[in-house]
Protein chains: 2
Amino acid sequence: MNARSVSRLARLQQALAGGGTLHLRDAARLCGVSEMTIRRDIDASDGAMTLLGGRLVMADNPQFAPVYDLDRQQYSHAMTKRRLCERAAGFLADGDTLFVDCGTTLLPLVNLLASHERLTVVTYALNVANAVSLLPGVRLVLLGGLFHASSRSFGSDDMNAVIGRLGINRAFISAAGVHAQRGVSCFHFHEVAPKQAAIACAEQRLLVVDESKVGQIRPAYFAQLDDFDVVITDGDMTLPQADGGPRIVAA
Amino acid sequence: MNARSVSRLARLQQALAGGGTLHLRDAARLCGVSEMTIRRDIDASDGAMTLLGGRLVMADNPQFAPVYDLDRQQYSHAMTKRRLCERAAGFLADGDTLFVDCGTTLLPLVNLLASHERLTVVTYALNVANAVSLLPGVRLVLLGGLFHASSRSFGSDDMNAVIGRLGINRAFISAAGVHAQRGVSCFHFHEVAPKQAAIACAEQRLLVVDESKVGQIRPAYFAQLDDFDVVITDGDMTLPQADGGPRIVAA
DNA sequence: CATTCAATGTTATATTTTTAACATTGTGCG
DNA sequence: CGCACAATGTTAAAAATATAACATTGAATG
């Protein structure tokens with residue numbers, strides 16, 4: 001690698017310093033050489049930059065890394081969640097205003113909304129909001145606030161009041177732990193307020209949890225099992241189906 | 001676009017939510033359909049995702065925007081925005097609480113934040129929030145409310161009050177029109193409240209607009225030019241640099 | 001000045017990606 | 001049921017990108 005080659009690489013790296021991509025054609029014109037020379041520069045270099053479909057990118061940028069780490073175990077979990085959500089979607093009605101909780105459990109539910117009319121989705125989860133924002137016919141209300149990376153959701157002091165002002169008629173709640181005596185819990189304390197507010201306001205309350213959550217107790221308690229009208233699960237809910245308790249739906 | 005198509009897109013978007021790329025082949029296998037179907041899904045969608053050399057990426061991720069393209073005028077716009085944002089980033093200081101406006105103009109700014117410490121970003125734009133949520137060292141406050149697909153941002157009645165409670169010291173505002181007499185305007189009325197609130201509260205107000213906006217008048221007026229401390233533009237701002245007026249910075 | 005050789009350019013060929021066309025499947029409906 | 005039509009699959013062709021081979025340039029050197 002010669003001095004001119006190094007100088008070209010530096011120039012290109014400079015162009016890409018703030019992120020972004022540079023087409024090979026433009027890189028070549030920027031340096032006043034042929035595309036082949038740029039290719040050879042990249043090949044001979046330390047690998048700081050690479051070509052991705054004809055575009056020059058910084059190789060260490062994680063944005064360009066393939067996400068395909070969806071191994072079998074994760075996939076089967078996804079299948080379970082999808083099945084649970086298909087059951088959950090059976091409770092939907094046209095014109096509903098839904099509360100959709102954070103986490104990955106309820107994400108497949110978003111995909112099933114398109115078959116209903118005039119839906120409004122209320123959520124405090126960024127991933128849910130992103131998914132709903134793609135649906136043309138569904139109104140989206142995002143409860144904002146400070147972002148919590150751990151749950152990819154938002155929290156704020158007045159969330160309780162804001163949720164109270166919305167006419168939520170169906171709340172889909174997820175949880176990290178469900179225990180017959182110790183109730184329903186999650187990992188993060190910032191999730192407690194929105195969950196409780198939604199449970200308090202909604203006409204119908206549905207808990208959606210896969211088997212792995214049943215029998216668990218997590219740090220942040222947020223509800224008793226009887227606070228729910230319906231529990232949708234594939235787990236072994238050997239609860240006394242007694243008076244006042246939720247209706248258990250197996251998926 | 002049918003329900004299954006929407007469901008596949010949502011699924012793929014979920015896979016890409018944390019950034020990264022997904023090869024068309026893997027996207028097809030993930031959804032259990034052919035590559036052609038994925039291509040058609042993406043064509044029919046609103047452009048949230050695009051293919052880049054056979055890889056699926058989130059289109060609004062500024063990391064995938066070309067930094068330089070000599071041919072297509074569309075990309076020269078992207079380059080201009082990047083340059084504007086590089087200038088804008090020069091005003092940042094450690095510990096800042098920033099307001100970042102919606103649209104694509106300020107998106108490249110997010111990637112320039114990493115070099116500063118203890119930043120907080122306040123925004124009402126979904127694309128800005130997504131970009132910031134990926135930065136480990138930056139706090140994110142999203143101003144929630146009803147989602148407006150036209151600007152991919154949120155609006156609510158109490159946005160004014162919420163912004164007032166935050167200690168914003170630098171507001172980066174974008175606009176669709178800047179006119180010497182008729183002031184600064186945008187397309188959508190729902191953007192007016194958050195913009196005005198941010199202008200009212202911030203210690204320093206920076207307007208970032210490319211040349212194409214200068215001289216234009218858009219439906220929703222939201223500020224006079226003197227309401228800003230700094231205007232960053234590549235356009236022909238032949239304003240009297242008089243007393244009280246903003247400082248014009250050319251990029 | 002001719003020779004050498006690295007650097008670069010040019011052209012050809014292979015591979016991959018994109019687009020287009022047509023075949024097949026499946027779903028809703030009279 | 002059987003038709004119509006949308007959704008998807010399959011295949012072929014076109015365009016773009018990657019690799020390889022060979023040609024040209026130009027500076028260094030004896």
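Owing to the predicted nature of the structure, the values given are computational and were not obtained by experimental measurement. A, B, ... follow the sequence lines: proteins, then strands. Residue 1 opens every chain. Atoms considered below: every heavy atom in the structure, side chains included; atoms not considered: hydrogens, waters and symmetry mates.
Remark: C1' of D:dA18 and CG of A:Leu52 are 13 Å apart, rounded to the nearest angstrom. Distance A:Asp41 CG to C:dA6 P: 17 Å, rounded to the nearest Å. Atom CG in A:Leu9 sits roughly 13 Å away from atom P in C:dA7 (whole-Å rounding). Taking atom CZ on A:Arg29 and atom C1' on C:dT8, their separation rounds to 19 Å, with Å as the unit. Separating the CD1 atom of B:Ile42 from the C1' atom of D:dA7 is a distance of 16 Å, rounded to the nearest angstrom. Per the geometry, CG belonging to B:Leu24 stands 10 Å off C1' belonging to C:dT18, to the nearest Å. Taking atom CD of B:Glu35 as the reference point, atom C1' of D:dA12 lies 16 Å away to the nearest angstrom.
In this structure, A:Phe172 has no ring-ring contact (aromatic ring centres under 6.0 Å, His included) partners at least two apart in sequence or on a different chain. Listed by chain and residue number, B:Ser151 satisfy the side-chain hydrogen bond (donor to acceptor under 3.5 Å, both in side chains) test with B:Ser153 (two or more places apart in sequence, or in another chain). When the side chain to side chain contact (heavy atoms under 4.5 Å, CB included) test is applied to A:Phe91, the partners found at least two apart in sequence or on another chain are A:Arg170, A:Gln204, A:Leu206, A:Val230, A:Ile232, A:Arg247, A:Val249. Residues passing the side-chain hydrogen bond (donor to acceptor under 3.5 Å, both in side chains) test with B:Ser156 are B:Asp158, sequence neighbours excluded. By the side chain to side chain contact (heavy atoms under 4.5 Å, CB included) test, A:Asn169 is found to be paired with A:Asp96, A:Thr97, A:Glu203, residues two or more places apart in sequence or in another chain being considered. Scored by the side chain to side chain contact (heavy atoms under 4.5 Å, CB included) test, B:Ser115 finds no partners at all (sequence neighbours excluded). Not a single ring-ring contact (aromatic ring centres under 6.0 Å, His included) links B:His116 to another residue, sequence neighbours left out.
Between B:Tyr124 and B:Phe154, the ring centre distance reaches or exceeds 6.0 Å.
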Can you pull every protein N or O that's under 3.5 Å from an N or O on nucleotides 21-23 of chain C?
none

Extract from the structure each pairing of a protein N or O with an N or O of nucleotides 15-17 of chain C at less than 3.5 Å, listing the distance.
{"residue": "C:dT17", "atom": "OP1", "partner": "B:His23", "partner atom": "NE2", "Å": "3.2"}

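In this structure, B:Ser5 does not reach the D:dA7 phosphate: none of its side-chain N or O atoms is under 4.0 Å from OP1 or OP2. Distances shown here put every side-chain N or O of B:Ser34 at or beyond 4.0 Å from the OP1 or OP2 atom of D:dT10.
Of the candidate nucleotides C:dT8, C:dT18, D:dA18, C:dT8 has the atom nearest to the side chain of A:Arg8. Side-chain atoms of A:Leu51 lie closest to D:dA18 of the nucleotides D:dA18, D:dT8, C:dG9.
Salt bridge status for B:Arg29 with B:Asp26: present, with a side-chain N to carboxylate O gap under 4.0 Å.
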